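Worksheet: one structure, shown below.
Just follow the structure's listing: the first ligand is 1, and inside any ligand the first atom is 1. Atom set for the values below is all heavy atoms of this structure, side chains included, hydrogens, waters and symmetry mates excluded. Predicted model, so just to flag it, every value in this text is computed and none were measured.
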Amino acid sequence: MVACSAPGKVILFGEHAVVFGEPALAIAINLRTTVRAEPATDWAVNGRPIDSERHRYVRAAMDAVGLPSPFHLTVESEIPEGSGMGSSAAISVSTLAALHSARGDVRPESIALEAFGVEHAVQGRASPIDTSTSTHGEAVLVLRERGTGFLWRVDKDDVSWFLHHRDMPAIDLVVGYTGLDAPTGPLVDKVRAFAERSEAAREAIKEIGRITLSGVDAIKGEDWEAVGKLMNRNHELLNALGVGHHLIDRLIEAVRPLSLGAKITGAGGGGSVIALTEDPASAARAIERAGGKPYKIKSGGPGLEVSKP
Ligand code: PMV
């Protein structure tokens, strides 16, 4: 038996822009997915035959690994699905690791690359930020070229992403889930179509990239007010790219007065917002009053963990 667990993530800066190769910063969170794999005579997930629709990520991970002999997989996740907290990345990473470790050792870099392939196969165009953050943990910065803390490089179509480890102090964040699960693929396509026809959209994408880099500096200097302002501006730009939603507006309005900054995290169109706040308890209550589901999370923590009891 092998048990592999991987964390969810939140994107602090740069979602959507990262698909175009712009910088982005994501952090692992203290909610995790665990996959256990036991050799068996047939394939099963949580005691049932594999359903290619319901278990899309597990299925794509199995196809990627191409194992000759079957396993019974048990999947347990603390990460709410569709919430922008990286549940699909965590499931891809932990499933791949569980299947590979049945055969031998698991290398984080190969898992991160393969998990990106799984996400790409299931949801279409995507960036490797979620899967790399779930694999590496802590904080992951995506850049256009190789820099300090380099982890690995991912190439797809005409884009190259250089993934880096970032040191980051643990911070308290409040995520507000709208309750509306908006699939990432169509939102990514929508932004791409907009960017193809609009100079303003292309400018917004570039500005988001610059915001990420300013955000990284502000975090390094522990200037949390500046970090908050940059989050607010990042949010405006995501709205300008058309990934806002009235349920998101409601949560942002409720939480802003109690926060240094607040923004969409992940694909938008529903999903979740994230608030940087000195008063997580009040921010969580405000989200609840505005109809959202709050999660008080801690940033950082380990990436993929493999145990063979
Ligand atoms: O799937 P989500 O909600 O975590 O969004 C991922 C972030 C995007 O930039 C919108 C897509 C991507 O693959 O980078």
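- Between Lys9 and Ala26 the shortest heavy-atom distance is CD-CB, 4.4 Å.
- Between Glu15 and the options Ile129, Asn234, Val243, a side-chain contact (heavy atoms from CB on, under 4.5 Å) holds for only Asn234.
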Under 3.5 Å, side-chain donor or acceptor atoms of residues 146-154 against the rest of the protein: list the pairs with distances, not counting sequence neighbours.
unit_1, atom_1, unit_2, atom_2, d
Trp152, NE1, Ser132, OG, 2.8
Arg153, NE, Asp155, OD1, 3.1
Arg153, NE, Asp155, OD2, 3.1
Arg153, NH2, Asp155, OD1, 3.1
Arg153, NH2, Ser160, OG, 3.3

Per-pair distances, ligand 1 N/O vs protein N/O, less than 3.5 Å:
unit_1, atom_1, unit_2, atom_2, d
ligand 1, 1 (O), Thr184, OG1, 2.6
ligand 1, 3 (O), Ala267, N, 2.9
ligand 1, 4 (O), Lys9, NZ, 2.6
ligand 1, 4 (O), Asp130, OD2, 2.9
ligand 1, 5 (O), Ala267, N, 3.3
ligand 1, 9 (O), His16, N, 2.8
ligand 1, 13 (O), Ser127, N, 2.8
ligand 1, 14 (O), Ser127, OG, 2.6

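- Evaluation of the salt bridge (Lys or Arg N to Asp or Glu O under 4.0 Å) test over residues 70-93, restricted to residues two or more places apart or in two chains, returns Arg36-Glu76.
- In the hydrophobic clustering, Leu247 connects to Leu180, either directly or through intervening members, whenever side-chain heavy atoms lie under 4.5 Å apart.
- Of the candidates Lys206, His16, Arg210, Arg144, Arg144 is the only one forming a side chain to side chain donor-acceptor pair (under 3.5 Å) with Glu22.
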